[in-house]
Every structure is written in structure tokens, then in C-alpha cells.
Amino acid sequence: MSNMDLDNLRLKIDSIDTNLCQLIKERQSLASKIMSAKKGVFPFDPKREEELIKKLVNLGLDKFLVEKVWRQIISSNLSMQKILKIGVAGNDDEIQSAYSAHFGNYFKTTYFLSVVSLMASLEKKDIDLGFIDSESINKLKNQTEIKINFDILANVPLYKSANQKDYNIIKLKSDQL
């Protein structure tokens, strides 16, 4: 391949990148208009997000690429609508990486050393949502001394490799975020 061929290919990629940026800006504008149309309804809709990502994967793109890219786009749009306060149970690299892959750096994040302290903060409404590994959620459900009514809004990531953990996004049952 000659340098001229390489330069032409790079120019085409640059043009595609410019078009992608314009489409993302347009998407952000529409997301803002949708929030206005919702008239203050809480914008976080994990079921809609999951449907969207599955639909995009069905268009033939790599599932890991789609989830990673669209999670960031969705989180960016969501942050324009509401800055969520999210608690993360644990502060090790693995959970921080999973949280960042899902929500990015767009929200007010508090890391808790224990699930119990996160749940207490959720109950006091110091945080809107919790991000917890599924194994801890299952242990929590089996403990009789801790009774906090919560809903699991989503299991993430949607697509994971064999060595990845499952995580849950939770909120209080009584919350009408």
C-alpha cells in the first residue's frame, strides 16, 4: 500500500468521524427535547437502554463495542437531564472499572467500603442509586438482620466475558425518583 492510498483511507475515516460527531450532537439535542416532553419524569430508564443496545447489536455491530460506546453516550445524555448521586459498594479496581464502563464519569459518585454502609446511605436518601456486585446482593437478600426494601433496576453489563462479574443497579422500593 502506498502512502497515497493510506492518506486517502485516513481522509475517509476522518470524514466518517466528523459525521459521527455531528450525529451524536443531533442525538444529544433530541434527548434534551425528549426530557422536556417527559415533563420532569425521572430520566433513568435501564429497560429502554437495554432494548436500544440489543437493537444496535442486531444491526451487526460487535456487542462489546456497542455496549461500551452507547453506555457512554446514554450516560452523557442522562447527565444533561439529571446529575444522579450513585453509591458504589467497594472501591477495588474491578468494581470501579465496571461502574465507569456503565456510567462513565458523569455523576456524583460515592464509594462505600461495605454494602451495609451503601444501603444505609440509600435508605437515608443520600444517594439515588446503588451499584453493587450481584454476589453481594444475593448475600444481602439472605441476611435476616438487614431489611431494606430495594428494587434491582438492572443487571450489568448486558454482555460480558466469562471472567467478568455481574453487577446490579438498585434503588429503594419507595423511591419515586
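Note that the CG atom of Asp45 and the CG atom of Leu153 stand 10.0 Å from one another [nearest 0.5 Å]. The CD1 atom of Ile152 sits 7.5 Å away from the CD1 atom of Ile170 when rounded to the nearest 0.5 Å. Rounded to the nearest 0.5 Å, atoms CD1 (Ile169) and CZ (Phe131) are 6.0 Å apart. The distance from atom CD1 of Ile127 to atom CE of Met119, rounded to the nearest 0.5 Å, is 8.5 Å. One finds the CG atom of Asp92 at 8.5 Å from the CG atom of Asp133 (value rounded to the nearest 0.5 Å). Between the OG atom in Ser117 and the OH atom in Tyr111 there is a gap of 14.0 Å [rounded to 0.5 Å].
Atom CZ of Arg48 has 12 or fewer neighbouring heavy atoms from other residues, nucleotides or ligands inside a 6.0 Å radius. Atom CG of Asp17 is surrounded by more than 12 heavy atoms from other residues, nucleotides or ligands within 6.0 Å. Crowding of Gln164 atom CD: a count of heavy atoms from other residues, nucleotides or ligands under 6.0 Å exceeding 12.
With sequence neighbours left out, the side-chain hydrogen bond (donor to acceptor under 3.5 Å, both in side chains) criterion links Asp166 to Lys160. Taking Asn138 as the reference, nothing meets the side-chain contact (heavy atoms from CB on, under 4.5 Å) condition, with sequence neighbours excluded. Here Asn19 pairs with nothing under the side-chain hydrogen bond (donor to acceptor under 3.5 Å, both in side chains) rule; sequence neighbours left out.
When atom types are taken as modelled, the side chain of Asp128 and the backbone of Ile86 share no donor-acceptor pair closer than 3.5 angstrom.
Between Glu50 and Lys47, the closest side-chain pair of non-hydrogen atoms is not below 4.5 Å. Looking at heavy atoms from C-beta onward, Gln72 lies in side-chain contact with Tyr106 at the 4.5 angstrom threshold.
The two residues Ile132 and Ser136 make their nearest non-hydrogen contact at CG2-CB, 3.7 Å. Contact detail for Leu118 and Ala89: the closest heavy-atom pair is CD1-N, 3.4 Å. Of all heavy-atom pairs between Ser76 and Ser79, the closest is O-OG, 2.7 Å. Residues Leu122 and Gly130 come closest through the heavy atom pair CD1-N, 4.4 Å.
Other members of the hydrophobic cluster containing Leu56, listed by chain and number, are Ile24, Leu52, Ile53, Val57, Leu59, Leu61, Phe64, Leu65, Val66, Val69, Trp70, Ile73, Ile74, Leu158, Tyr159; membership follows side-chain contacts under 4.5 Å among ILVMFWY residues, whether direct or relayed.
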Salt bridge (charged side-chain N to carboxylate O under 4.0 Å, His left out) between Lys63 and Glu67, worked out
CA-CA 6 Å; Lys63 62 188 178 186; Glu67 185 165 22; over 6 Å; no
What verdict does the side-chain contact (heavy atoms from CB on, under 4.5 Å) test give for Gln81 and Phe44, after you've listed the backbone C-alpha separation in whole Å, the side-chain angles of each residue and the deciding distance to 0.1 Å?
CA-CA 9 Å; Gln81 299 168 30; Phe44 182 62; over 6 Å; no
Distance-only criterion, 3.5 Å: show the donor-acceptor pairs between side-chain atoms of residues 94-104 and protein atoms not counting sequence neighbours.
unit_1: Gln96; atom_1: NE2; unit_2: Asn91; atom_2: O; d: 2.8
unit_1: Tyr99; atom_1: OH; unit_2: Thr109; atom_2: OG1; d: 2.6
unit_1: His102; atom_1: ND1; unit_2: Arg71; atom_2: NE; d: 3.3

Just list the side-chain donor-acceptor pairs under 3.5 Å for residues 8-15, sequence neighbours left out, or say none.
unit_1: Asn8; atom_1: ND2; unit_2: Met4; atom_2: O; d: 3.4

